[in-house]
> 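Below is one structure. I have some questions about it.
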Amino acid sequence: MDYKNVKQRYIEKYGEAAKHGVIEYICVEDTLCDYYMDQHEELKASRRRVTGVVYDENDEPLEHTMIHIFHDRRIWGTETTDSTGHFVFWVPRTDATLHFKYIGYKAVVVEATDTFHTIYLLPEATERSMK
């Protein structure tokens, strides 16, 4: 595999992610799942491949962020980001939302789409009671 061309394609496709230097890491994507989906067109038609990266307020990737996948108002599955904040998985094509959670950060909810997701999580405000 020509990693120089792969890197260039990622930079062209995901300019925002490449800006943060994350592009230097080449993720090993779940090719077995992709192969299975390619072999089952009826299943592939009802699913979408969701990819993206999660950052904190300092543009640092958040590793092991919990991603709860909701479909038809119930949890359909749970995933996590890898050590560089990236995620790749398949979800139902209709009515799928992603809930991103990380300890000490505000949760973010987004609708699953076919575009690359760049998610920023902000720290929770710490409230202290004054007596």
> Decide whether Ile69 and Val53 are clustered together by the hydrophobic rule: side chain heavy atoms of Ile, Leu, Val, Met, Phe, Trp, Tyr closer than 4.5 Å, transitively.
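Unlinked, Ile69 and Val53 end up in two clusters.
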> Write down the atom of Met37, the atom of Trp90, and the distance for their closest heavy-atom approach.
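For Met37 and Trp90, the tightest heavy-atom pair comes out as CE-CE3, 3.4 Å.
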> In this structure, would Trp76 and Val108 fall into the same cluster of hydrophobic residues linked by side-chain contacts under 4.5 Å?
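Yes; Val108 is reachable from Trp76 via cluster members.
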> Return the set of residues passing side-chain hydrogen bond (donor to acceptor under 3.5 Å, both in side chains) with His71 (not counting sequence neighbours), or none when no residue passes.
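For His71, no residue satisfies side-chain hydrogen bond (donor to acceptor under 3.5 Å, both in side chains) once neighbours in sequence are set aside.
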> Would the distance check show the side chain of Thr81 and the main-chain N or O of Thr65 forming a donor-acceptor pair, the cut-off being under 3.5 Å?
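Confirmed, Thr81 side chain pairs with Thr65 backbone.
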> So Glu63 and Thr84, do their side chains get closer than 4.5 Å, heavy atoms only?
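A side-chain contact under 4.5 Å is absent here.
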> Can you see whether Tyr120 engages Asp59 through a side-chain donor-acceptor pair at a distance of less than 3.5 angstrom?
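Note: Tyr120 and Asp59 side chains meet the donor-acceptor criterion.
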> Apart from Ile75 itself, which Ile, Leu, Val, Met, Phe, Trp or Tyr residues share its cluster (side-chain heavy atoms under 4.5 Å, direct or through members)?
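Noted: Ile75 shares its cluster with Phe70.
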> Look up atom CG in Leu62 and atom CD1 in Ile103, then write down how far apart they are to the nearest 0.5 Å.
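Going from CG on Leu62 over to CD1 on Ile103, the span is 11.5 Å.
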> For Ala107 and Lys101, which heavy atoms make the closest approach, and how far apart are they?
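That would be CB-CG, 4.1 Å.
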> Answer with yes or no after comparing the ring centroid distance for Phe100 and Phe87 against a 6.0 Å cut-off, counting only values under it.
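Ring centroids of Phe100 and Phe87 are less than 6.0 Å from each other.
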> Go through Tyr36 and Leu43 one step at a time and tell me if the side chain to side chain contact (heavy atoms under 4.5 Å, CB included) criterion holds.
CA-CA 9 Å; Tyr36 182 82; Leu43 184 59; 3.7 Å; yes
> Considering only heavy atoms from C-beta outward, does the side chain of Arg47 approach that of Arg93 to under 4.5 Å?
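Answer no - side chains too far apart.
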> Would you give the length of the straight line joining atom CG of Leu122 to atom CD of Glu57, rounded to the nearest 0.5 angstrom?
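Reported to 0.5 Å precision, the distance equals 6.5 Å.
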> For Asp95 and Asp72, indicate whether the former's side chain and the latter's backbone hold a donor-acceptor pair under 3.5 Å.
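Here the side-chain-to-backbone pair exists.
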> Considering all heavy atoms of both residues, which atom of Glu79 and which atom of Phe89 are nearest to each other, and what is their separation?
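Taking Glu79 first and Phe89 second, the nearest heavy atoms are CG-CD2, 3.5 Å.
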> Cluster question for you: counting only ILVMFWY and a side-chain heavy-atom cut-off of under 4.5 Å, with indirect links fine, are Val50 and Ile119 together?
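In one cluster with Val50: Ile119, yes.
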> Consider only side-chain heavy atoms of I, L, V, M, F, W and Y, link residues closer than 4.5 Å, and tell whether Phe116 and Leu98 are in one cluster.
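No, Phe116 does not connect to Leu98 through the hydrophobic network.
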> Enter the distance from Thr113:OG1 to Glu111:CD here, rounded to the nearest 0.5 Å.
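Here the interatomic distance stands at 7.5 Å.
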> Could Asp38 and Lys44 be called an ion pair, given the rule that one side-chain N must be under 4.0 Å from one carboxylate O?
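Lys44 and Asp38: salt-bridged.
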> Nearest 0.5 Å, please: how far is CG in Leu121 from CG in Asp56?
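The CG atom of Leu121 is 8.5 Å from CG of Asp56, to the nearest 0.5 Å.
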> Please check if any side-chain donor atom of His68 sits under 3.5 Å from a side-chain acceptor atom of Thr78, or the reverse.
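Indeed, the side chains of His68 and Thr78 share at least one donor-acceptor pair under 3.5 Å.
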> Give the cluster check for Ile67 versus Tyr105: same hydrophobic cluster or not, with ILVMFWY residues linked at side-chain heavy-atom distances below 4.5 Å.
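Per the 4.5 Å side-chain linkage, Ile67 and Tyr105 are co-clustered.
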